[in-house]
Amino acid sequence: MNFISKTTLLSTIFICSLSSADSAWAQTSMHVVPKPCSVVQTNNGVFEYSKTTDVFVDSQFDSKNVGSILSIYKHLNALFINDLSFNVRNVKASGKWSGASGSKCITIKKNDALDAEEYKLVVDNKGIAIESATEAGLFYAFQTLMLASKLDNHSSIPYMELTDKPRFEYRGFMLDVSRYFMPKDDVKKIIDCMSMLKLNKLHLHLTDDNGWRIEIKKYPKLTAIGAWAANRNNQDFTDKYPSNIGEPTPVGGFYTQDDIKELVKYAQQRYVEIIPEIDMPGHSNAALAAYPELACPSVDVPITVVPGMRQGAGSIIYCAGNDKAFTFLEDVIDEVASLFPSKYIHIGGDEADKDYWSKCPRCAARMKAENISHIEELQSYFMRRISNYVKSKGKSVMGWDELTNSTLPEDVTVFGWRGLGNAALKAAAQGHKFVMTPARILYLIRYQGPQWFEPLTYFGNNTLKDVYMYEPVQPTWDKNYENLLMGVQASMWTEFCKTSRDVYYQVFPRLVALSEVAWSPKGSKDWNGFAAGLDNVLQHLSAKGINYSEAMYNVQHKAVPENGVLVATVLT
């Protein structure tokens, strides 16, 4: 058959790797990811780190904490070409603010006029000068220095003047460790990358039908039974069926409480807050496999941990008419609240199948006693009761947007996920804060390029550019909604992941694009500039051992026969 090519360029094809000429242009134009509020490259000069660099720190900052920030900066910056050290010195306002004659140094000054995460940065022939009101601002300044470094020498920082602060207070990433249990050290790599990108909220989805991933000392069977499933790794997630009674369950794992403490501390040092999610009343099969007495008596099938989606998986949920279920969840919250210093606990509320509730005499009795006429309001009763307990522990409550299907718990923060996340606006209309994580754009489980090149998953396509171009605030919104929007979150569900490399592949580089949506000023989108700055980020990911998708190299196209020839159309 003859072959002809008919190319329809709908937009510029993005080839991520820049030529040397393009790299020089990128450095001249100062494309830093995420894009700062204001940055100007002052001339062609560069600051070059010495073997030992003096760091003069305003005495209003704790020099030990600054030393920790510098240590993490070195750890995150795996591309330094020499073994640098920093000589940290506290300086009072009237003291010496410069190095030895002719040497360049770093000066760090406190500026209480700046916002909590805001910073100012100058790199010139005197060295590096940073101003911030908080240590978080200092930390983010060093991340900018790392990603502004020269591609061919990451110890060299171009001369520049920069002011910067985040658009949103909530800059999040959700990691599902239930469907695929990610080892602790691999979660740390995710935290490292988040902090490099100035993302500050790691939402850990710790429990689901597919595994209970956190040690609860009062209920040891949660991890002895609920953390393990039968081996179905030769099947796709959609084809996996539940474990049989008595079948070996070798697949899974969990974090001990010491593991959780270690992860929390690691994240805190990188200015990342870990928010735990204990999903309820649905997505609870793993817990009920361990403690089946907490399910409705109407359940007529064995309850086991669910590796996938076959045979009605996930339809068994906590019994809303059983007080023991509430006692159990309150005990779990007690231990979770003590482990996580986060001000938030996420309690789920999504996709709760109510078939067994509708047949349950206990649930019927609860509805009668509480004067509940609709089964959706029974879920509201369930979630409001748990919410009140969470608040009694000094925590704030978060949940998925299905909570808007009935009466909302008081003061809950709602995560908009269905479709374009607009169900969250129902919560905003009632004065609730909300976070946007729309499945159609920010669910990273979806394909990110031509599907014939990509690993099997589902839910259509979310390309790198789709994520980058997302604007959460729509012109049709009520003018008050924007003030209630806390921020945005990319969410990584791990149904189709069997290794941490599978997770990394789906997450990166799309999480880089999310960082700019979350941090950079509204209306400042610059796709070509982002593409140029991405080169530096990808080098750092590779240096950290993080693999990433190269879908942006692939050309979306279709080929169809027309009158005996094959016509290829490029769709980019």
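These numbers come from the heavy atoms of this one structure, side chains and all, not from hydrogens, waters or symmetry mates. Index from 1, following the sequence.
- For the atom pair CZ of F508 and NZ of K544, the computed distance is 9.5 Å after rounding to the nearest 0.5 Å.
- Defined by atom type and a distance below 3.5 Å, a donor-acceptor pair is missing between the side-chain atoms of E118 and N111.
- A side-chain donor-acceptor contact under 3.5 Å links K198 and T144.
- Side-chain contact, T207 with D279: no donor N or O sits under 3.5 Å from an acceptor N or O.
- At least one cation-pi condition fails for K525 and F530: the charged atom is not both under 6.0 angstrom from the six-membered ring centre and inside a 45 degree cone around its axis.
- Taking the six-membered ring where the residue is Trp, Y49 and F86 present perpendicular rings, their angle passing 60° and hence far from 30°.
- Here the CE-NE2 distance, from M398 to H203, works out to 8.5 Å after rounding to the nearest 0.5 Å.
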(message) Before you tell me yes or no, could you show the steps for K109 and E131 under salt bridge (charged side-chain N to carboxylate O under 4.0 Å, His left out), namely the whole-Å CA-CA distance, both residues' side-chain angles and the distance that decides it to 0.1 Å?
(response) CA-CA 5 Å; K109 295 186 178 182; E131 294 183 25; over 6 Å; no

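- A distance of 10.0 Å separates CG in D115 from OG in S132, rounded to the nearest 0.5 Å.
- Between Y443 and W417, the angle of the ring planes stays under 30°, which puts this pair in the parallel group of the 30/60° scheme.
- The residues K343 and E273 are annotated as not salt-bridged, no charged nitrogen and carboxylate oxygen being separated by less than 4.0 angstrom.
- Below 30°, between 30° and 60°, or above 60°: for F415 and Y170 the angle between ring planes is above 60°, a perpendicular geometry.
- With hydrogens and angles disregarded, a donor-acceptor distance shorter than 3.5 Å links the side chain of R446 to the backbone of A439.
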